[in-house]
Amino acid sequence: MSWEDNVRRVIPYVPGEQPKIDKIIKLNTNENPYPPAPGVLKALEELKEGYDNLRKYPAPACDALEEALSEYYNLPREQLFTGVGSDDVLSMAFLAFFKGEKPVLFPDITYSFYDVWAEVYGIPYKTVPLNENFEINGEDYDIPNGGIVIANPNAPTGIAKSKEWMEQFITRHRDVVVIVDEAYVDFGGESCISLIDKYENLLVTQTFSKSRSLAGLRIGMAFGSKKIIRYLKDVKFSVNSYTMNTPSLVLGSASLKDDEYFREKVSAVIKTREWTKDELKKLGFIMTESKTNFLFASHPERKAEEIMNKLREQGIIVRHFKKPRIDNYLRISIGTDEEMQEMVRVLRTFL
Ligand SMILES: *Cc1c(COP(=O)(O)O)cnc(C)c1O
């Protein structure tokens, strides 16, 4: 017997790197290239004045933020949950809702944190292969299961299912919790939030990290029936009450008040995405139909890893997953127009 026999051993999730050098074009972690809303800066200055408040614990129920979310989404607070990024929200949801013996299902190619949470919490799971076009085949999920997680739009494929398709899917799985991870929905997907009153077992998660340019603050949220949110809060408050810090609560709510800026920047990213897609097509790349702030691209004649390394030599960082089926693809986050023009220019030099 060794103390190590009792260790919960896991292979952790590996986030994309955050290089220390400044002069790079960073297109590897789907951050937003634009600064957060100007209202956030104003709130930051007000925070400075009230800096003495940092002595105190934050509001455990995330009042300021939940009130702002409640107003923005026109939902009662009992249908909202907030956490330290949607990673925290999803991790709490895995802990709260998946305790059965049947496997939790999610696609073989999707956000690579799902299997890590399942492993760390000892939740049985099974991955369901996407088809050859990286699409979800709904019928493949008609097997005994203890819950389902779907990223919509999916990552790293960028492909979205319509709300109609999602509703059809949810109606077939009323007896388990269905989590829909909408981290990228603002870039062209259709949200399932309007379905939460109809399906008590549905939990929709979103984040401020991508569309609101606030990855550094770590703000994520979930929407659901009063019942499902109650269960989620009960688990969360049994683990750690004070997860969200005061600055995040204040700055996050400020970001919600600047809707015009938000819409403008989201449209800018979408426009740049479509421009980049056309340029990459001209260079021979094939791509999925992305509804996100990244492109999932493969070149029929050149290895993805080779392209990634060549870009890297020129200070441009994109993401490559050494995983079956997708190891010849690159996930390229959408930056500013100038950044994407530079990437296309560099690609032209060797393709
Ligand atoms: C980025 C991402 C998340 C997590 O985002 P947070 O920064 O933790 O809010 C969750 N799901 C998917 C699919 C993502 O791409």
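In each ligand, atom 1 is the first atom listed, and ligand 1 is the first ligand listed.
Counting heavy atoms under 4.0 Å from ligand 1, residue Asp181 touches it through the side chain alone. Contact annotation: for Ser86 versus ligand 1, heavy atoms closer than 4.0 Å belong to both the backbone and the side chain.
In summary, the aromatic rings of Phe97 and Tyr231 are positioned with their centroids too far apart to meet the 6.0 Å limit.
Among Phe285, Phe134, Phe294, Phe321, the one residue that satisfies the ring-ring contact (aromatic ring centres under 6.0 Å, His included) test with Tyr329 is Phe134.
At the shortest separation from atom 7 (O) of ligand 1 among protein heavy atoms lies Ser209 OG, 2.6 Å. Here the protein heavy atom with the shortest distance to atom 8 (O) of ligand 1 is Arg218 NH2, 2.7 Å.
In this structure, CZ in Arg319 is found 10.5 Å from CE in Met308, a value given to the nearest 0.5 Å.
In terms of polar-atom proximity, defined here as any N/O pair under 3.5 Å, Lys210 does make such a contact with ligand 1. For ligand 1, one of its N or O atoms has an N or O atom of Tyr184 under 3.5 Å away.
Ring geometry for Phe94 versus Phe98: interplanar angle over 60°, hence perpendicular rather than tilted (30 to 60°).
Within ligand 1, the atoms closer than 4.0 Å to a non-hydrogen atom of Ala183 are 2 (C), 11 (N), 12 (C), 14 (C), numbered from 1 in the order shown.
Using a cut-off of 4.0 Å between Lys/Arg side-chain N and Asp/Glu carboxylate O, Asp108 and Arg325 are scored as salt-bridged.
Counting only distance, with no hydrogens or angles, the side chain of Lys233 and the backbone of Leu80 share a donor-acceptor pair below 3.5 Å.
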